[in-house]
Structures are given as C-alpha cells and as structure tokens.
Amino acid sequence: LEIAILGTGAVGRALSSGWVDAGHRVTLGSRHPDRPRSPLAAPVTDLATAAASAPIVVYAAPWSAASELLEQIGSLNGQLLIDCTNPLLPRLEALDPGAKPSAAEWFAGRLPEARVVKAFNTVSAATLASPRYATLPATQFFCGDDLDDKRQVAQLIADLGLEPIDVGRLSIAHCLESLALLTIHLAVHHGQGDCVLKLLRRAAGAPIQ
Ligand SMILES: NC(=O)c1ccc[n+]([C@@H]2O[C@H](COP(=O)([O-])OP(=O)(O)OC[C@H]3O[C@@H](n4cnc5c(N)ncnc54)[C@H](OP(=O)(O)O)[C@@H]3O)[C@@H](O)[C@H]2O)c1
C-alpha cells in the first residue's frame with residue numbers, strides 16, 4: 001500500500017518503520033523536511049506534498065496542531081485519513097473538551113471529502129514498535145464507517161504485529177479516546193509503565209462490521 005504519515009515523532013517513526021518492513025511504500029510529511037534528524041525508515045517531504053502522495057494518510061501529529069496542519073495540507077480528495085490522535089489537555093489528565101464528540105469526528109467534519117478511521121491511539125509508540133507482551137500481541141482497537149477502509153486498517157495493524165479489533169462506527173471513537181486516557185493514566189500517573197488493554201474473549205469474535 002502507499003501511505004503518507006504526517007508527523008515524524010514517536011508514532012510516525014514506529015508506524016513508518018513497521019510498514020516499510022512489511023513492504024508498504026511510505027512517505028513522511030514534516031514541517032521541516034530538510035532539518036537534520038536521526039535516520040527515518042522512509043523519505044521525508046513537506047506536509048502538503050506528503051498528504052497528496054498517497055490514498056492513505058495517517059495523522060500522527062499532536063491534536064493541538066490539527067487545525068494549523070489541515071490548513072497546510074488543504075483537502076484530502078477521496079482519501080482515507082487514519083486519525084491517531086489523543087486529544088489530551090497538556091497535563092495528560094483529561095480529554096480536551098473541544099474534541100467533542102471526538103477528535104476523529106472533528107477530523108471527519110473538517111475533511112468532508114475524506115473517509116476517517118480512528119486507530120493507533122490506544123497503545124503507546126513503544127508498543128507499536130514492539131507489540132508483544134509475553135506471548136500475546138497487543139490489541140489495537142479501531143473504528144470507522146467504511147468496511148473496505150476498515151479491512152485495510154486491520155491489515156495495517158496486523159502488519160505491525162498487533163491484534164486488530166474493530167469496535168464499530170466512527171461515532172464510537174470517543175470511547176477509544178477515553179480508553180487511551182485510561183491507559184495513559186495507568187502508565188504515567190499510576191505506576192504501570194508501558195502497558196496495554198487487551199481484549200480477551202471466550203470464542204472467536206465478530207468479523208469487521
Ligand atoms: N506517543 C505515543 O505513545 C502515542 C501513542 C498513541 C497515539 N499518540 C498520538 O499520536 C500523535 C503523535 O504522537 P507522537 O508522540 O508521535 O507526537 P510528537 O512526537 O509530539 O509529535 C509528532 C510530530 O508531529 C509533527 N508536528 C506537526 N505540527 C506540529 C506542531 N504544531 N507541534 C509539534 N509537532 C508538530 C512533528 O513532526 P515534524 O517536526 O517533522 O513536523 C512531530 O515530530 C499524537 O496525536 C498523540 O496523541 C501518541
């Protein structure tokens with residue numbers, strides 16, 4: 001697949017590295033494409049060029065930068081936007097009340113010509129890079145409204161070695177954002193360190209629906 005990742009931070013690095021290893025063609029978008037930095041797994045260009053370069057665009061920049069960054073890239077024409085953000089307040093103790101009903105739906109409202117899937121927000125960048133906990137793969141929840149998009153995102157999750165779990169339509173994204181808040185609370189404020197919430201079930205679960 002051809003994928004553009006906006007943001008060269010911890011999440012952009014983990015996703016690009018894993019997907020290049022899985023054989024995908026990745027371009028990273030940056031505010032400073034020419035600035036010296038530690039090596040990246042994929043080529044870097046400016047944000048607008050990256051966003052126009054692929055049918056799948058991953059938003060891996062801070063929530064606080066979203067308005068400004070969308071102005072720089074313009075519209076996404078018929079593209080899939082994967083929203084990784086956690087719309088947290090600066091001290092990581094609560095969700096931004098401005099992200100109502102969710103950051104994912106805010107993106108969908110701002111980009112009516114794109115389709116949005118929420119994913120990669122409920123595990124840490126460290127877990128994206130190293131997804132196994134003992135013998136179990138970390139669970140990566142995702143949601144969205146288009147079945148084909150969700151199949152692609154499920155594959156991209158599996159390509160990183162995580163277990164994809166579809167949680168439903170984009171309107172449930174606020175639950176994934178709250179779930180990330182709980183995980184971050186456990187990791188940062190409650191002594192659990194890097195951790196992940198794992199789905200355990202008694203029988204095989206429902207397919208993507
Ligand atoms: N870190 C995690 O463990 C984790 C896990 C799950 C989800 N998330 C979410 O994923 C997103 C990326 O997380 P991250 O930890 O990779 O973030 P980060 O390291 O703080 O920043 C990601 C990148 O966004 C770009 N960026 C564009 N506009 C920016 C602005 N105005 N201010 C700062 N950076 C800007 C920067 O790349 P350039 O300098 O190249 O432009 C920066 O390196 C966030 O929304 C976060 O909530 C993070």
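Everything quoted here is computed from the prediction, not taken from an experiment. For the single chain, residues carry numbers from 1 onward in sequence order. In listed order, ligands and their atoms are each counted from 1.
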Solution key, residues 71-80 side-chain donor-acceptor pairs under 3.5 Å, sequence neighbours excluded:
unit_1, atom_1, unit_2, atom_2, d
S75, OG, N77, OD1, 3.4
Q79, OE1, N77, N, 2.9
Q79, NE2, A51, O, 2.7
Q79, NE2, A54, O, 2.8

Legend entry - Pairs satisfying salt bridge (Lys or Arg N to Asp or Glu O under 4.0 Å), at least one member in residues 173-197, at least two apart: K118-E177
Legend entry - Charged N-O contact under 4.0 Å between R201 and E163: yes
Inset, instruction - Taking all heavy atoms of N121 and all of T85, pick out the closest pair and write down the distance. - result: CB-O, 3.7 Å
Inset, instruction - First locate atom CG of D146, then atom CD of Q152, and finally report the distance between them rounded to the nearest 0.5 Å. - result: 9.0 Å
Inset, instruction - Quick one, list the residues around ligand 1 where some non-hydrogen atom comes in under 4.0 Å, by chain and residue number. - result: G7, T8, G9, A10, V11, S30, R31, R37, A60, A61, P62, W63, A65, L69, C84, T85, N86, F120, N121, V123, S124, A125
Legend entry - ring-ring contact (aromatic ring centres under 6.0 Å, His included) pairs, two or more places apart, involving residues 106-129: W19-F120, Y59-F107, W63-W106
